[in-house]
4 protein chains.
Amino acid sequence: MTGPPRRDAGRPRGATVVSAVLAAVRAELAETGFEGLSVERVARRAEVNKTSVYRRWPTREALVAAAMEGLLEEFGDSPDTGSLRGDLLALAAPIADLAARPDGVALLRAALATTARGDLGGAALQRAGDGHSASSLAERARARGEWRPGVDPQQAIFTLVGAIIHRTLLEQAGPTGEWLEGLVDIVHRGIRADP
Amino acid sequence: MTGPPRRDAGRPRGATVVSAVLAAVRAELAETGFEGLSVERVARRAEVNKTSVYRRWPTREALVAAAMEGLLEEFGDSPDTGSLRGDLLALAAPIADLAARPDGVALLRAALATTARGDLGGAALQRAGDGHSASSLAERARARGEWRPGVDPQQAIFTLVGAIIHRTLLEQAGPTGEWLEGLVDIVHRGIRADP
Amino acid sequence: MTGPPRRDAGRPRGATVVSAVLAAVRAELAETGFEGLSVERVARRAEVNKTSVYRRWPTREALVAAAMEGLLEEFGDSPDTGSLRGDLLALAAPIADLAARPDGVALLRAALATTARGDLGGAALQRAGDGHSASSLAERARARGEWRPGVDPQQAIFTLVGAIIHRTLLEQAGPTGEWLEGLVDIVHRGIRADP
Amino acid sequence: MTGPPRRDAGRPRGATVVSAVLAAVRAELAETGFEGLSVERVARRAEVNKTSVYRRWPTREALVAAAMEGLLEEFGDSPDTGSLRGDLLALAAPIADLAARPDGVALLRAALATTARGDLGGAALQRAGDGHSASSLAERARARGEWRPGVDPQQAIFTLVGAIIHRTLLEQAGPTGEWLEGLVDIVHRGIRADP
DNA sequence: TGATAACCGAGACGGTACGTCACGTCTTTAA
DNA sequence: TTAAAGACGTGACGTACCGTCTCGGTTATCA
């Protein structure tokens with residue numbers, strides 16, 4: 001008599017909730033870091049109910065992943081700059097830029113702290129240094145004769161990224177331009193074909 | 001009432017407490033990782049009172065630092081193997097070995113998760129790749145004419161370490177011998193003097 | 001986000017929790033007294049969580065006050081028995097009855113142990129012998145010509161109560177009927193108009 | 001070969017410890033009351049070791065009993081003032097004086113809070129209003145023909161004391177001279193022989 | 001005069017309780 | 001149907017005292 005339930009009825013999801021929560025997450029991350037980020041405080045700060053947060057983002061990791069979504073957008077694919085060294089720099093620069101900002105540091109820390117695979121670390125990987133951009137960079141270099149045979153493209157790129165992580169989280173120093181040049185120098189010489 | 005306080009008086013600390021607690025920490029770290037390590041559970045597992053734990057190790061970080069003490073012992077100073085490449089491999093190998101063991105992974109994760117300087121990260125740094133061994137390695141290489149002028153020794157060593165961290169925590173793959181050879185290849189070529 | 005917060009929403013407080021906790025408080029009071037009453041043990045005994053106790057009753061005093069609520073109900077106002085002596089007896093009898101029971105003793109002790117004003121002592125005062133019943137009793141006595149001018153009604157009533165307290169807590173003897181008669185005798189003669 | 005142990009040898013107990021501790025107890029009582037008095041804090045304040053406190057005074061009650069020893073000295077026996085009313089006032093006045101001082105209030109509260117018989121309450125009773133002074137006072141009044149037959153001396157005195165306790169602990173008002181006069185009026189008329 | 005025995009400070013230790021915070025689930029009412 | 005509100009059980013936090021204990025060092029007394 002009452003018919004099938006309509007799928008589109010009910011109170012619509014407020015877009016304001018999403019933005020308020022994600023803004024709160026970013027603010028909390030900047031203040032207290034990934035450790036010490038609590039759903040409860042995020043909800044309070046966003047003036048949103050705790051249950052509304054849980055409905056959308058089941059875990060803390062999902063929450064920061066969503067909040068950091070934008071930060072990973074820029075790592076689409078490295079452009080062709082005409083030289084291997086240029087390509088490496090073009091790939092490393094946005095990562096270093098991210099690591100220079102406090103929220104970027106928080107994101108990195110979060111990605112590394114999470115034990116379970118497929119959460120933050122995985123997502124970051126897929127975006128940042130994943131197969132695609134690494135292999136396309138290597139492909140271009142090979143075409144130019146710059147790539148030393150036998151070098152694994154991923155290993156090269158990951159070495160670059162790992163150095164930035166070490167710099168940011170362990171040395172707790174900002175990856176300056178000069179420092180980055182030195183790093184790219186090392187890696188570039190490390191993977192280029194023998195002259 | 002009888003004079004200046006003596007530092008050595010009082011009931012001596014029971015060695016059994018220490019060993020029981022640290023063993024419990026290691027076990028918990030292996031099971032649940034650094035996140036999810038609670039003082040309360042450690043104390044229960046060690047069959048020791050919570051207050052006895054807090055008396056010695058004021059923070060969670062101090063606890064894992066103490067538990068991991070032994071793991072960092074081996075990084076004294078890298079031996080002189082006669083060549084830069086050999087020296088690099090000799091320095092990287094024990095770190096890679098550590099990163100290959102589950103408790104080593106937990107230690108790394110803990111060091112990176114801690115925000116505050118001077119805790120785990122700092123301690124690990126001082127042991128692992130700090131100024132001393134890095135500069136002595138570089139000194140030997142310079143004497144042999146192998147070190148390319150202008151390369152910062154710390155940067156080179158930290159790049160090596162950063163790559164291992166990336167491999168272990170983000171890629172979640174073990175640093176095999178072959179992989180390590182490839183890494184040392186890259187870094188060695190990156191910092192050696194032009195032939 | 002949708003308007004002012006509603007006060008009536010949310011899961012209602014379970015009545016079972018309340019009754020279980022208050023019963024546990026009464027039992028603990030009977031066994032160990034006010035000192036030695038711990039929230040933790042009450043919660044354990046009631047098989048209720050500690051936080052659920054704290055949510056409702058922020059302090060230990062509030063807890064026993066709530067548990068003793070019923071004990072103070074009966075002191076509404078003393079009836080008109082037709083004579084000052086009868087009124088005094090009617091007022092003192094329920095207090096003496098309370099003091100004759102173990103939980104009543106515990107209540108008294110708790111009221112006296114609390115330092116802060118406005119807690120138990122205050123509540124007990126307001127119920128038991130406070131202005132209202134004291135002055136109405138005096139008013140009736142004055143109308144009959146039984147009240148000696150210049151006597152403060154509160155002082156008279158409080159003297160009665162104070163004697164019962166001394167009997168119960170310091171002498172640790174029960175306020176028997178005979179004893180109470182003697183007390184009322186003293187106070188009655190003390191405040192009646194000269195014949 | 002060594003013979004039986006001597007009972008009298010050894011280092012005597014230092015008097016400085018005793019006085020320092022008792023002073024600390026009095027200070028703590030004045031500040032935080034009987035509840036919230038801890039052996040640990042007393043020891044810290046007296047700059048004496050916790051063990052030294054426990055050696056002498058096994059319980060908290062013993063501690064305050066010792067600290068309050070002096071306060072109860074003055075209640076030896078009430079002097080003969082020549083009249084029943086004068087004797088009552090002479091007996092009540094020092095008690096009221098005690099109750100007017102903060103440490104006296106703390107002592108009263110402590111005496112009432114303790115559940116176990118024979119601790120503070122008992123000691124206070126034995127000193128303050130015990131049989132001896134009550135009956136000697138009554139004896140003198142009987143000799144003068146002032147004592148109404150059938151009145152229990154203890155009950156009369158205890159009523160006096162109970163009123164002061166009520167005034168001090170429940171009403172939390174100081175027993176002023178005027179108030180005390182009113183109280184003695186009531187009790188005197190309550191127990192005197194009919195004129 | 002020297003052994004003996006008690007005193008004393010210092011602090012570790014196992015306990016218990018404190019009061020707070022966050023977790024994630026559940027039940028209710030309102031939009 | 002979704003949202004807001006909040007109760008609830010659970011578990012951990014870090015701290016404070018409890019009372020006991022094990023030491024090393026001191027100090028008086030008595031043989």
On the nucleotide [N], are OP1 or OP2 found under 4.0 Å from the side-chain N or O atoms that [X] carries?
X	N	value
C:R44	E:dA17	yes
C:S52	F:dC8	no
B:R55	E:dG11	no

Distance in angstrom units between [X] [atom1] and [N] [atom2], rounded:
X	N	atom1	atom2	answer
D:E35	E:dC18	CD	C1'	14 Å
A:R41	F:dC13	CZ	P	16 Å
C:E61	E:dC18	CD	C1'	14 Å
C:R60	E:dA17	CZ	C1'	11 Å
A:E47	F:dA5	CD	C1'	15 Å
C:R56	F:dG9	CZ	P	8 Å
C:R45	E:dA17	CZ	C1'	17 Å
B:Y54	E:dA12	OH	P	17 Å

Note to self: Under the rule for salt bridge (charged side-chain N to carboxylate O under 4.0 Å, His left out), what residues qualify as partners of C:R41, not counting sequence neighbours?
What the structure shows: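 With sequence neighbours excluded, C:R41 shows a salt bridge (charged side-chain N to carboxylate O under 4.0 Å, His left out) to C:E28, given in chain and number order.
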Margin query: Taking salt bridge (charged side-chain N to carboxylate O under 4.0 Å, His left out) as the definition, give me every residue that meets it alongside D:R26, ordered by chain and number, with sequence neighbours left out.
Written below: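 Residues passing salt bridge (charged side-chain N to carboxylate O under 4.0 Å, His left out) with D:R26: none at all.
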Using a distance-only criterion (donor-acceptor N/O pair, under 3.5 Å, no hydrogens), is the base of [N] paired with the side chain of [X]?
X	N	value
D:T51	E:dG11	yes
D:N49	E:dA10	yes
B:K50	E:dG14	no

Margin query: With nearest nucleotide decided by heavy atoms, which residue, B:P58 or C:V48, maps closer to the 5′ end of DNA chain F?
Written below: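 On the 5' side of the pair lies C:V48.
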Note to self: Using a strict threshold of under 4.0 Å (side-chain N to carboxylate O), is an ion pair present between C:R45 and C:E31?
What the structure shows: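 Between C:R45 and C:E31 there is a salt bridge, with a charged N closer than 4.0 Å to a carboxylate O.
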Check: Between C:W57 and C:L22, is a side-chain contact (heavy atoms from CB on, under 4.5 Å) present by the stated rule, with each step listed?
Finding: CA-CA 11 Å; C:W57 303 281; C:L22 296 188; 4.0 Å; yes
Check: For D:L37, does its backbone N or O pair with a side-chain atom of D:R60 as donor and acceptor, under 3.5 Å?
Finding: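 Yes; at least one donor-acceptor contact below 3.5 Å.
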